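Source: prediction; values computed, not measured. No hydrogens, no waters, no symmetry mates; every other heavy atom, side chains included, goes into these values. Both counts, for ligands and for their atoms, begin at 1 and track the order of listing.
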Amino acid sequence: MKTIDIKYSTNTPKYHSEEAAGADIQAFIDKDIVIKPLERSIIPTGIYLEIPKGYEAQVRPRSGLAAKYGVTVLNTPGTIDSDYRGEIKVILINLGQNDFIVSNLDRIAQLVIAPVIKANFQKDIKLNQTTRGEGGFGSTGL
Ligand SMILES: O=c1ccn([C@H]2C[C@H](O)[C@@H](COP(=O)(O)OP(=O)(O)OP(=O)(O)O)O2)c(=O)[nH]1
Ligand SMILES: [Mg+2]
């Protein structure tokens with residue numbers, strides 16, 4: 001497994017198994033946050049990273065919260081740019097039927113570090129032809 005060093009300040013994401021792809025991130029809050037059904041909340045984590053150029057961090061949901069409570073990350077996968085130096089925050093949405101309570105240090109999401117390929121977008125009015133052409137949104141059948 002490839003590894004890279006990433007500097008952090010305040011809190012750290014934590015891998016919970018040897019080969020976990022995602023490092024869990026915890027809520028870092030003074031008091032509980034209640035998320036009502038169909039509402040969302042921006043949860044601080046106290047995590048600040050210096051991600052090396054050429055990488056990003058993706059904020060992904062935890063499947064346990066989704067399966068048990070219907071709670072997920074609204075903008076999944078959230079994108080943490082390598083030049084971002086602010087606190088990582090998680091936008092949770094409660095798609096379940098009950099209030100969801102977030103307490104300090106609850107593991108609310110996970111971070112996956114991934115390489116980034118930057119495109120040099122080149123304007124060309126004639127794009128090459130393909131069999132699919134302009135077909136999308138179920139054009140090949142469901
Ligand atoms: O779940 C997320 C997503 C983003 N961010 C931070 C890090 C990221 O680098 C920055 C900007 O995110 P994004 O590009 O997704 O948001 P935007 O709405 O395009 O804002 P901006 O104009 O600042 O790029 O916000 C988070 O803390 N959590
Ligand atoms: Mg942006």
Side-chain angles (χ1 to χ4, degrees), residues 1-130 132-140 142:
M1 183 177 258
K2 184 177 171 172
T3 60
I4 54 163
D5 292 339
I6 297 186
K7 289 189 205 163
Y8 73 92
S9 103
T10 314
N11 294 333
T12 175
K14 290 183 200 86
Y15 293 104
H16 282 266
S17 77
E18 184 80 17
E19 294 177 30
D24 287 344
I25 57 184
Q26 296 168 294
F28 189 58
I29 49 183
D30 294 335
K31 56 180 180 143
D32 287 358
I33 294 174
V34 180
I35 314 176
K36 294 183 184 304
L38 296 182
E39 293 198 346
R40 62 185 183 273
S41 185
I42 298 178
I43 317 287
T45 64
I47 296 170
Y48 301 74
L49 298 180
E50 189 180 305
I51 299 169
K53 212 171 175 175
Y55 293 86
E56 61 155 338
Q58 301 175 355
V59 183
R60 299 201 198 166
R62 293 190 69 212
S63 54
L65 296 183
K68 280 188 211 150
Y69 307 109
V71 169
T72 189
V73 175
L74 178 57
N75 57 329
T76 187
T79 304
I80 310 299
D81 301 289
S82 63
D83 55 358
Y84 180 68
R85 294 292 174 273
E87 181 179 16
I88 293 179
K89 294 185 177 160
V90 176
I91 310 170
L92 286 185
I93 184 161
N94 180 1
L95 300 178
Q97 283 159 347
N98 302 308
D99 286 3
F100 182 75
I101 299 169
V102 182
S103 300
N104 191 39
L105 303 184
D106 281 353
R107 288 186 277 153
I108 51 171
Q110 55 188 326
L111 274 192
V112 172
I113 306 300
V116 170
I117 295 173
K118 187 166 181 177
N120 295 314
F121 293 104
Q122 318 241 2
K123 188 165 186 182
D124 187 339
I125 50 168
K126 275 186 70 176
L127 304 182
N128 76 357
Q129 301 294 302
T130 65
R132 171 181 286 276
E134 295 183 18
F137 298 135
S139 67
T140 64
L142 293 175

What do the steps show when you test Y55 against I4 for side chain to side chain contact (heavy atoms under 4.5 Å, CB included), and what is the final call? CA-CA 10 Å; Y55 293 86; I4 54 163; 3.7 Å; yes
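- Within 4.0 Å of ligand 1, contacts by protein heavy atoms are made from V59, N75, G78, T79, I80, D81, Y84, E87, I88, K89.
- With contacts defined as side-chain heavy-atom distances shorter than 4.5 Å, the pair D24/R62 qualifies.
- Of the residues V34, L65, L95, the one that meets the side chain to side chain contact (heavy atoms under 4.5 Å, CB included) test with F100 is L65.
- Note: R85 CZ to I80 CD1 = 11.5 Å, rounded to the nearest 0.5 Å.
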Run the side chain to side chain contact (heavy atoms under 4.5 Å, CB included) test on V73 and I93 for me, step by step, so that the C-alpha distance in whole Å, both residues' side-chain angles and the decisive distance to 0.1 Å come before the verdict. CA-CA 6 Å; V73 175; I93 184 161; over 6 Å; no
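- Enclosure of atom OH in Y69 is not indicated, since only 12 or fewer non-hydrogen atoms of other residues, nucleotides or ligands lie within 6.0 angstrom.
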